[in-house]
Structure formats: structure tokens, C-alpha cells
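Notes follow once the structure below has been shown.
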There are 2 protein chains.
Amino acid sequence: MCAMRRPTMTDVAREVGVTAKTVSRVLNGDGPVAVETRERVMEAVRKLGYQPNLMARNMRVGARDAAIGLVIPEMGNPFFGTVAGGVESAVRARGLTLIVGNSSETAELEQSLIATFLARRVSALMVVPSAAGDHRHLRGERVAGLPIVFLDRPAVGLTADSVVSANREGAREGVAHLIAHGHRRVGFVGDVPAALYTRRERFQGYRDALEAAGLPFDRSLVETGHDQEAAAGATMRLLALDDPPTALFAGNNLASMGAVVALSRARRKDVALVGFDDLPLAECLDPPLTVVAQDPARMGATAAELVLARLDGDRSRARRTLVPTRLVVRGSGELPAPR
Amino acid sequence: MCAMRRPTMTDVAREVGVTAKTVSRVLNGDGPVAVETRERVMEAVRKLGYQPNLMARNMRVGARDAAIGLVIPEMGNPFFGTVAGGVESAVRARGLTLIVGNSSETAELEQSLIATFLARRVSALMVVPSAAGDHRHLRGERVAGLPIVFLDRPAVGLTADSVVSANREGAREGVAHLIAHGHRRVGFVGDVPAALYTRRERFQGYRDALEAAGLPFDRSLVETGHDQEAAAGATMRLLALDDPPTALFAGNNLASMGAVVALSRARRKDVALVGFDDLPLAECLDPPLTVVAQDPARMGATAAELVLARLDGDRSRARRTLVPTRLVVRGSGELPAPR
DNA sequence: TTGTAGGCGTTATCAT
DNA sequence: ATGATAACGCCTACAA
């Protein structure tokens, strides 16, 4: 059980009695090769269990690794996991493999992962920026022609492609839906930090909807929580106001879950709720949860197509692609406002 | 915007007026280097924006890529996503990067991904086998000393390390919990194919619990569905039996969701339910869902530790590591059996 | 149809 | 303390 050296192309060549180049030709379907030679080469490949070394090939051929690097905040989050899955399927179809890293939503890890990927000479970079990220350091790579696409949130300090949800439009639609059911005081449960792109955009959509309906903006109706439990607390504070909201809009999936938990604990089945981002069991809740659904798989696939186009030589200017959202009506968002 | 060549170690060396090897020594803290030389080299590195090429380094140094390959069925599934996240965190701490691929639960994609990873000369391989997988083809890699760890389900046709949930024990505990609340007819909603390792083990746990309680096994109480909707149908069939179950055990998260949906649609709040694998909103359901929770993050971390130990030279025999489950009592599993 | 020479960017070895 | 040379495994360009 000695860990003997792997056979190389030269080993195969020697076995057959030809040159490495001939083996290379056979394996890559490259130049012309005699039928008999081809067969003898294939035979030797099988016999020795030869597997081409992609590392060596990549290095010689493009000085680029046939891989793309993806940085996401958290792989366990189904939203980001699905995005990553969409990316993987699309790039694998082109013979590229996916390298991923968890930034845990910290700028330090994000930078360190990006540095590692660059050192590996990935063919392209895809990043879901962490909240405190700054991407000026990537300017050099951009001008050097490395395709870089930002997902879910745009880059900071860098002009680059990005693929994001129609956050503002989606949030506006969700809040307008509540207003259409008679609500005049709609609470907003958001995440932190308030400066986060998605939070800002969705909050703008909330204000857009209020303004379009001629409703005043009331600062006390805006609360924030950074995780499910905190969002539940935020919801409780809103419900405890002197003039409480009759409907709630939750700015992301954690906020939605927090709001659902809080309403459930308070046994309040009269408060309307629309959440941004869908949840697996949304239809099993009581009442079933109405949401503004995102499309993470499409987001990943769209970003991958953009990257592939760039790899194929698309030199058009950087653009921001909006992935549409969809209002999924299930019940919680249609509870009427009390008289 | 000409895509100029990246600076290489030789470029840095020329800039300073030394040899590439000297630069290498500085960067790797290798041999002895004069303090002044070191400073001038670092200066040039900054000036040129030099980044070492990991591809070239890996090729020269170990003939092994400083990466580990992970094959999972579906990245969007929070269970597998969390497993992957656990793996990534653990291996990154050791300077390894993670390469992932979606097998979509098909043996073909799984094999093709494994082949790609092997061609890249990854340092180790981690695989969540697809249902129809066969791993005899990896025997050669095993004897050659490549660390291979199987996750969630063991290898087929290959003796190798594996890290799996305590499926049988967990299922037995969940079913025993139902029996302890007076139920004598407990339905089993499983996934397909029935030959799948996790399905078999959990089903065994179900039978263990029945036997321990002296209850007869009734084949008609076992139904199957391959997705949420099918599981809902399976649940409906069980409820429509002449002598229907008063409690249900769901063999995985999809089965749980199907059962929850079916019970909700049928407005049956009297049927007890315990699910295997936790769900995000389980506590918001009515009644809140009692589950046998798995620990995917721990599973990923455990597997990663095993791989790292192997990389460090651990040559002990292959072992199967069980990750314990935990019964999370929330309400649905404690509904009493009717008199 | 096949072979030869050279180089991708790095590090090991031996010399100076 | 530093340099020269070769090598890792493969591919490109040209020659035979």
C-alpha cells in the first residue's frame, strides 16, 4: 500500500512507445493521430489508470484556473445556497468548477477569501458583499479584465456588474398590497445595519408605497432586529405602541420569522403581515404567510450567464441586472384593517 | 485598458536585482535572507502588485491542490448547505479551500464531479452519495492514500470513513416519544427510494420502537412520497385508512412538510406528529412541530476534522462516526392518543 | 502522422 | 546570503 507516484502523460507515452505530445493529441482530440496509435494509447491510459493533471494543464494553457470563485455570507442560508446552486449548474455546463467560501458577513473574511481566489488565478469572481465590504482593492483586477459580478448587493467603491433583486419595486408592491386592504398604519420590521443595501432599498419601497397612497411616514413605525429573536422583539415593541400598526411589512426572511413568532406568541391573528423573501413552510402557517418572493436560482443563473458572456469577450460597460420579485398571496397579507 | 500580463516572481526579482529564488525565500520565510534584501523585495512586491500564483506553487510543491472537493446533492437544501458551511470553515482554518459540486442526486453527475476533482488533484474528497451511487471506482484512490470521507450516507462498495446522523437511534427515540403519549397506531411517512440508507435506518428505528413497546408492525401504516406534495398525499392515504393511525412519524424534512400541509388542509389538529430533521419555522406551526433534530454543522465539522487528521498522517482503519440527534419537544408530538 | 524544443511560474538542489 | 540549473506535467509552435 505504498502511495506510489501517479502516472503522467510521459508514463503513458513510454508504455506505448510514443511521445507525450502524441498522447496529448489523443486525449484532447487535437491533431491527427493514426487510428491504431489512438487505440494503443487509450489502452495504456486504462492500464495505468492515468488521469490528466488539470493543474498542469490550466497553468500551461491560460495561466487561468478553470474555476470561478464565489464568496457568500452563509452557505446554510437557503437563499444563498440556492444562489450558489444556480451558479454551479450554469458554470459546470461550461466545464468550469466552483470554488466557494463563507464570509460569515465579515469584511475581513471576504477579503481574505477573495485574495485566496485571486492567488489561485480563478477565471472569474462572484461576490455577495458583506455589510461592511469595500471593493476598491479590486480595481486592478477589473482593468486587467477579470470578470467580477456582485450578487444580491452591488459593489462598494467599484464600478462592476451586479445582479440584484428588484428590492425597491418588490417592497413597494408588498406594502401597497397591505394598504389596498385598508391599512393606514403599516409597521416596518427591518434588519441591521440600516445602511445595508437591501435594507435601504426595501425601506425606500416602503416609503414609496406610503407616499403613493398619500399616507404620512411615521418614524415610530420603523423597528429593527438583527436576528429572528431580535425581530420578534421589534415586532412586540411595534404592537405595544399607543397607536399601533394594524399591518406589518418584514424586510427579510429573518424579520418575517421573528414577526410570525411574535404574533403567534401574542396570539394576535388580526395583524396583517407581508414578508420579503419566501419561507419554506409559509403556507403551513396560520394564517398562511403572504410574501414578496425572490428568485435566488434565477439570480445565480443570471449572474453566471453574465460571467460567461464576459469570459467570451463581452466588453460592454458594467450593468446592474434586476431580478423581478413576485407577490405570493396566501392569507396573512389580506387580513383587513379593523374599522 | 490592455489586459497586461500579471507580474511574476521573476518580474519582482528583476525589479530588485536578485533572483527569483531569493524572492521565493522572502515570501515563504524559507532560507536565510539579508534584512535589507528582504525589505527591498517586499517593496517591489507592493509596487508591482505581485501576487504569488498558487497554481504554479501547488504543482511544483506537492503535486496536490490545496483544496478539498465536496459533492453534495443540492446546495439550496439548508441541511446540505449547512454541512458544506461546516466543512468550509474547518478546512479554511487550515489554508485549504473548498470546491463544491451539485450532484442533483444523480449518480452520473456525482461521478463526473468526482472525476473533475480528482483531475484537479484535490487533497481530499468528501461526498454525500447520491441514492444510486457506487464507489468501487474510488478504491484506487483510497489505496493511493487520498483521504475520502462520506457524509450523511456511507459509501457503497468501498470501505471508507463516513460521518452520519444517529438515524436509527433518533428515529427510535422519536417514535418511542409518540408511543409514550399513548399512541398504539403510529404511521410512517418515508421518502423514496426505500433502499436509501437514511430511509432504511430510520425505518429500522421505527420498527425498533414498536418492538420495544410490544406493538405489532402493520405494513399498511407505512406510506411513501418523494417530495412534499407526494408526502402530503401519503399522509392523506394514511388518514383515510379504516383503522387510521393516531400519530405520524415523518422520515425526513420533506415528509414532515408534506404531513404538516396535509394535516393543515384536513384541519386535523388531533393527530400527533414527530418529524426527523428540524425545520426553520417549526415553532410557528399550529401546533408547533416536535422533531428529531440533526446537527448538520457538526456533521460537516466532524468530517472536516477527520479529513485533516488523515492529511496529517492518521492511518488508522476507516470508521463510521455517528452524530447524535436531539429530540426537540414543541407540541405536535405530545398530543395524546384518543381514548 | 509524429517528434523536438521550449516555456508556463514556482521551488529543490547544489553551488558559490 | 544568494545564484544557477533543473524540474513539476502539460501544451504551443514548428520541424520532420
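The model shown is predicted, which means the values in this text are computed figures rather than measured ones. Residue numbering restarts at 1 for every chain, and letters A, B, ... go by the order of the sequence lines.
Rounding to whole angstrom units, CZ of residue B:Arg121 and P of C:dT10 are separated by 21 Å. Taking atom CZ on A:Arg120 and atom P on C:dG9, their separation rounds to 17 Å, with Å as the unit. Between the CZ atom of A:Arg57 and the C1' atom of D:dC11 there is a distance of 8 Å, given to the nearest Å. To the nearest angstrom, P of C:dT10 lies 15 Å from CG of B:Asp30. Residue B:Met55 contributes atom CE, which lies 11 Å from atom C1' of C:dT10 at whole-angstrom precision. Rounded to a whole Å, the CD atom of A:Gln51 is 14 Å from the P atom of D:dG9. A straight line from CG of B:Leu27 to P of C:dT11 spans 8 Å, rounded to a whole angstrom. Straight-line distance from the CG atom of A:Asn58 to the C1' atom of D:dG9: 12 Å, rounded to whole Å.
Nucleic acid contact for A:Met9: sugar-phosphate only, since backbone atoms but no base atoms lie under 4.0 Å from a heavy atom of the residue.
Remark: B:Asn28 is in phosphate contact with C:dT11, judged by side-chain N or O atoms under 4.0 Å from OP1 or OP2. Taking side-chain N and O atoms only, A:Ser24 has no distance below 4.0 Å to OP1 or OP2 of D:dC10. Residue B:Asn53 has no polar side-chain atom (N or O) positioned under 4.0 Å from OP1 or OP2 of C:dC8.
Residue-to-nucleotide contacts include no donor-acceptor pair under 3.5 Å from the side chain of B:Arg60 to the base of C:dG9.
Within residues 35-43 of chain A, the residues that place at least one heavy atom under 4.0 Å from DNA chain C are, in residue-number order, A:Thr37.
Nearest heavy atoms, A:Pro7 versus A:Leu48: CG-O, 3.4 Å.
Of the listed nucleotides (C:dT10, D:dA1, D:dC10), C:dT10 has the atom at the smallest distance from the side chain of B:Thr8.
Summary of helix geometry: the two end axes of the helix from C:dT1-D:dA16 to C:dT16-D:dA1, each defined by five base pairs via their C1' atoms, are inclined to each other by 40° (rounded to 10°).
A distance of 12.5 Å separates CZ of B:Arg92 from CD1 of B:Ile68, quoted to the nearest 0.5 Å. Distance CE/A:Met59 to CZ/A:Arg121: 11.0 Å, rounded to 0.5 Å.
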Verdict with reasoning, B:Arg153 to B:Thr198, per side-chain hydrogen bond (donor to acceptor under 3.5 Å, both in side chains): CA-CA 7 Å; B:Arg153 314 161 192 170; B:Thr198 48; 4.8 Å; no
Can you list the steps and then say if B:Arg120 with A:Thr97 is a side-chain hydrogen bond (donor to acceptor under 3.5 Å, both in side chains)? CA-CA 10 Å; B:Arg120 294 186 72 101; A:Thr97 55; 2.9 Å; yes
Step-by-step side-chain hydrogen bond (donor to acceptor under 3.5 Å, both in side chains) determination, B:Ser165 to B:Gln294: CA-CA 7 Å; B:Ser165 278; B:Gln294 301 187 83; 2.6 Å; yes
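A donor-acceptor contact shorter than 3.5 Å links the side chain of B:Asp11 to the backbone of B:Thr8. Checking side-chain atoms of A:Ser24 against main-chain N and O of A:Ala20 turns up no donor-acceptor pair under 3.5 Å. Looking at B:Thr106, its side chain does come within 3.5 Å of a backbone N or O of B:Ser103 through a donor-acceptor pair. Using a distance-only test at 3.5 Å, with no hydrogens or angles considered, a donor-acceptor pair links the side chain of A:Arg40 to the main chain of A:Val16.
The side chain to side chain contact (heavy atoms under 4.5 Å, CB included) test with A:Glu110 singles out one residue from A:Val71, A:Asp134, A:Asn102, and that residue is A:Val71.
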Distances for protein N/O vs nucleotides 3-5 of chain C N/O pairs under 3.5 angstrom?
from, atom 1, to, atom 2, distance (Å)
C:dG3, OP2, A:Thr19, N, 3.1
C:dG3, OP2, A:Thr19, OG1, 3.3
C:dG3, OP2, A:Thr22, OG1, 2.5
C:dG3, O5', A:Thr19, OG1, 3.1
C:dG3, N7, A:Arg25, NH2, 2.8

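When the shell of 6.0 Å around CZ of A:Arg319 is examined, it contains more than 12 heavy atoms from other residues, nucleotides or ligands.
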